[in-house]
Engineer: 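Provided herewith is a single structure, encoded as structure tokens, for subsequent inquiry.
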Protein chains: 2
Amino acid sequence: MRQVADTPSIWERPEPPERRAPSPLSRERIVRAAVTLADAEGLEAVSLRKVAAELDAGPMRLYRYIGTKDELLDLMVDAVYAEIPPPTGSGWREVARSYAHGIRAAGLRHEWLADLLDGRPRFGPAAVTHAEATLTALRAAGLQEIDTIMSTVEVLSTYLRGALRTEVGERRAERTSGLDEREWQHAMAPHLLAMFATGDYPLMSEAMHDAEHRSATERFDQGLGYLLDGIEQSLSG
Amino acid sequence: MRQVADTPSIWERPEPPERRAPSPLSRERIVRAAVTLADAEGLEAVSLRKVAAELDAGPMRLYRYIGTKDELLDLMVDAVYAEIPPPTGSGWREVARSYAHGIRAAGLRHEWLADLLDGRPRFGPAAVTHAEATLTALRAAGLQEIDTIMSTVEVLSTYLRGALRTEVGERRAERTSGLDEREWQHAMAPHLLAMFATGDYPLMSEAMHDAEHRSATERFDQGLGYLLDGIEQSLSG
DNA sequence: CTCCTTTCGATACACTGTATCGGCAATATA
DNA sequence: TATATTGCCGATACAGTGTATCGAAAGGAG
């Protein structure tokens, strides 16, 4: 019988705390939880403690699956890429449009994406697969030279990053100025009125009053159209 | 003589701690300190404690001048706008180029700007002044209708936001992969080689190997050129 | 000289990412 | 089957964050 010298009898020894069955865990589960959290409460609500709690785990358990919070964010971005359908279309303009709208849709589904797309090259499997599919579709649709293809997707993705930020930023501004309408009217509106009242900004005033108000989608498509027209011109030139 | 009942004599009472002359403080000083810090050590190093320390002040003293850290960030952005010269040029393309390069230069001087330009409308005095100057220059250079002017600067600023992020992101990636070259070669390079070795990404490989490598400025100008060509086309059409 | 207001530093709180360590549980070994 | 080993993971801790609260000191007013 195994009984170390000064181990008290079973009657004295306290029972160890009951252990719950460990929750199943995987990178995919963690990333899903993080994405859900970010969708629901914003990226700033994604803390390792909260993600772990969502999974019935202690915070440090996550470090068996990721090395760093930044790595988790990388995984989240790749998870979004995995949602984006590969671009399709017969002409290269169609493919480009499909590419752009696919990413835009994903970015509007997950508004935090705009904050994470920081321009570093992305080497996650889904991102790479999506990139390869994009290049393939563009070549199949008529662009042969790799340089033309790369220029096109580079400029497209640059515009996309900006457009996403713009659109998401506006959404957020509207949302917060809608929620704390009280505070907004109290803090921001007088400042704007006072500025315009000085008469120092006639064109800004004209823009506010007379310019036609187009939807975010319209503006996005207009910019995209400019870009495609410019590219097309450079192709024929 | 004023001497409350149980106040000990001067010999017993400890001298209050010596008070240093308070450092002069103002919003401008605070913002300048924050900008300097962000330039030197990155945006994540900008904490109220560090900014205050730089100014020989306690952290809470800053709250006499700003209401929130986010407000400080807003002030920093406006301070950058104040550095940007108003766009100039005779033709509207020239003005547009001047606008774009002015903002790009500022964004490269202060790499954190790309992180703060989130797309929300900016109502700081310098930002508004710069915007008004831009609109004025565009109208003076030939664009009459306010709608055309607004479309142009909207699409330009969208592209700019994306381009800045792209460029700054690449710089950071290069910098960190240059500094921890050891780690990068150990962690990222094998992953890339393995991926390309599968043969599943022929176009990505072709791009890596055969595509010409252009400088960031060239790519920026190329995208800008596409955009301007597209706009010009819509003007004449 | 006394009162009052403004200013600010000290302290505290909740929260973050993550390093360290100790013990339990499953596995490999004898 | 008994023991040694390994790997997993929770508890704890630490340094840092933004900011609320409060008391005391300084400056101005009567």
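Per chain, numbering begins at 1; letters A, B, ... match sequence-line order. Atoms considered below: every heavy atom in the structure, side chains included; atoms not considered: hydrogens, waters and symmetry mates.
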Engineer: Can you tell me which nucleotide in D:dT17, D:dT19, C:dT18 comes closest to the side chain of B:Thr68?
Structural biologist: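 Between D:dT17, D:dT19, C:dT18, the one nearest the side chain of B:Thr68 would be D:dT19.
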Engineer: When you get a sec, tell me which of D:dT19, C:dC8, D:dA13 is the closest nucleotide to the side chain of A:Arg49?
Structural biologist: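 Of D:dT19, C:dC8, D:dA13, D:dA13 is nearest to the side chain of A:Arg49.
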Engineer: Of the listed nucleotides (D:dC9, C:dG17, D:dG18), which one gets closest to any side-chain atom of A:Arg64?
Structural biologist: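 Comparing D:dC9, C:dG17, D:dG18 against the side chain of A:Arg64, the answer is D:dC9.
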Engineer: Hey, can you pull the residues of residues 38-46 of chain A with a non-hydrogen atom under 4.0 angstrom from DNA chain D?
Structural biologist: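 Residues of residues 38-46 of chain A that come under 4.0 Å of DNA chain D do not exist, since none gets that close.
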Engineer: Which nucleotide in the list D:dG18, D:dA11, D:dC9 gets nearest to the side chain of A:Met60?
Structural biologist: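 Within the option list, the nearest is D:dA11.
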Engineer: Looking only at side-chain N and O atoms, does A:Lys50 come under 4.0 Å of OP1 or OP2 in C:dT16?
Structural biologist: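 So the side-chain polar atoms of A:Lys50 do come within 4.0 Å of the phosphate oxygens OP1 or OP2 of C:dT16, strictly under.
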Engineer: Check the distance between D:dC8's C1' and A:Leu62's CG and give it to me in whole angstrom.
Structural biologist: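 About 13 Å, once rounded to whole Å.
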Engineer: Classify the angle between the aromatic ring planes of B:Tyr99 and B:His130 as parallel (below 30°), tilted (30 to 60°) or perpendicular (above 60°).
Structural biologist: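 If you compare the ring of B:Tyr99 with that of B:His130, the planes turn out parallel.
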Engineer: Nearest 0.5 Å, what's the CE-CZ distance between A:Met204 and A:Phe196?
Structural biologist: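 Rounded to the nearest 0.5 Å, the CE-CZ separation comes to 5.0 Å.
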Engineer: Name the closest nucleotide to the A:Arg61 side chain, picking from C:dG17, D:dC8, D:dG10.
Structural biologist: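 Taking heavy atoms from C-beta onward, the closest nucleotide is D:dG10.
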Engineer: Starting at CG of A:Asp56 and ending at C1' of D:dG10, how long is that distance when rounded to a whole Å?
Structural biologist: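 Whole-Å distance recorded here is 14 Å.
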Engineer: Please give, in whole Å, the distance from C:dT18 C1' to A:Tyr65 OH?
Structural biologist: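 The answer, rounded to whole Å, is 18 Å.
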Engineer: Mind checking the CG-OG1 spacing from A:Leu203 to B:Thr136? Nearest 0.5 Å is all I need.
Structural biologist: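 Taking CG in A:Leu203 and OG1 in B:Thr136, the distance rounds to 4.5 Å.
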Engineer: Below 4.0 angstrom from OP1 or OP2 of D:dC9, is there any side-chain N or O of A:Tyr63?
Structural biologist: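 Answer no for this pair, as no side-chain N or O of A:Tyr63 is under 4.0 Å from OP1 or OP2.
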Engineer: Do the side chains of A:Glu111 and A:Arg175 get close enough for a salt bridge, i.e. N-O under 4.0 angstrom?
Structural biologist: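 Answer for the salt bridge query: yes.
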Engineer: Take B:Leu48 and A:Ser23, find for each the nucleotide of DNA chain D with the closest heavy atom, and name the residue whose nucleotide sits nearer the 5' end.
Structural biologist: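 Residue closer to the 5' terminus by nearest nucleotide: A:Ser23.
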Engineer: Is the shortest distance from a Lys or Arg side-chain nitrogen in A:Glu167 or A:Arg219 to a carboxylate oxygen in the other one below 4.0 Å?
Structural biologist: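 Salt bridge absent between A:Glu167 and A:Arg219.
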Engineer: Decide, yes or no, whether a salt bridge links A:Asp74 with A:Arg122 under the criterion of side-chain N to carboxylate O below 4.0 Å.
Structural biologist: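 Yes.
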Engineer: Is B:Arg32 salt-bridged to B:Glu28, going by a charged N under 4.0 Å from an acidic O?
Structural biologist: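 Yes, B:Arg32 and B:Glu28 are salt-bridged.
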Engineer: Can you check the A:Lys69 NZ to D:dT17 C1' distance for me, whole Å?
Structural biologist: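 Roughly 13 Å, once rounded to whole Å.
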Engineer: Could you tell me how far apart A:Asp70 (CG) and C:dG17 (P) are, to the nearest whole angstrom?
Structural biologist: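 It is 10 Å, rounded to the nearest whole Å.
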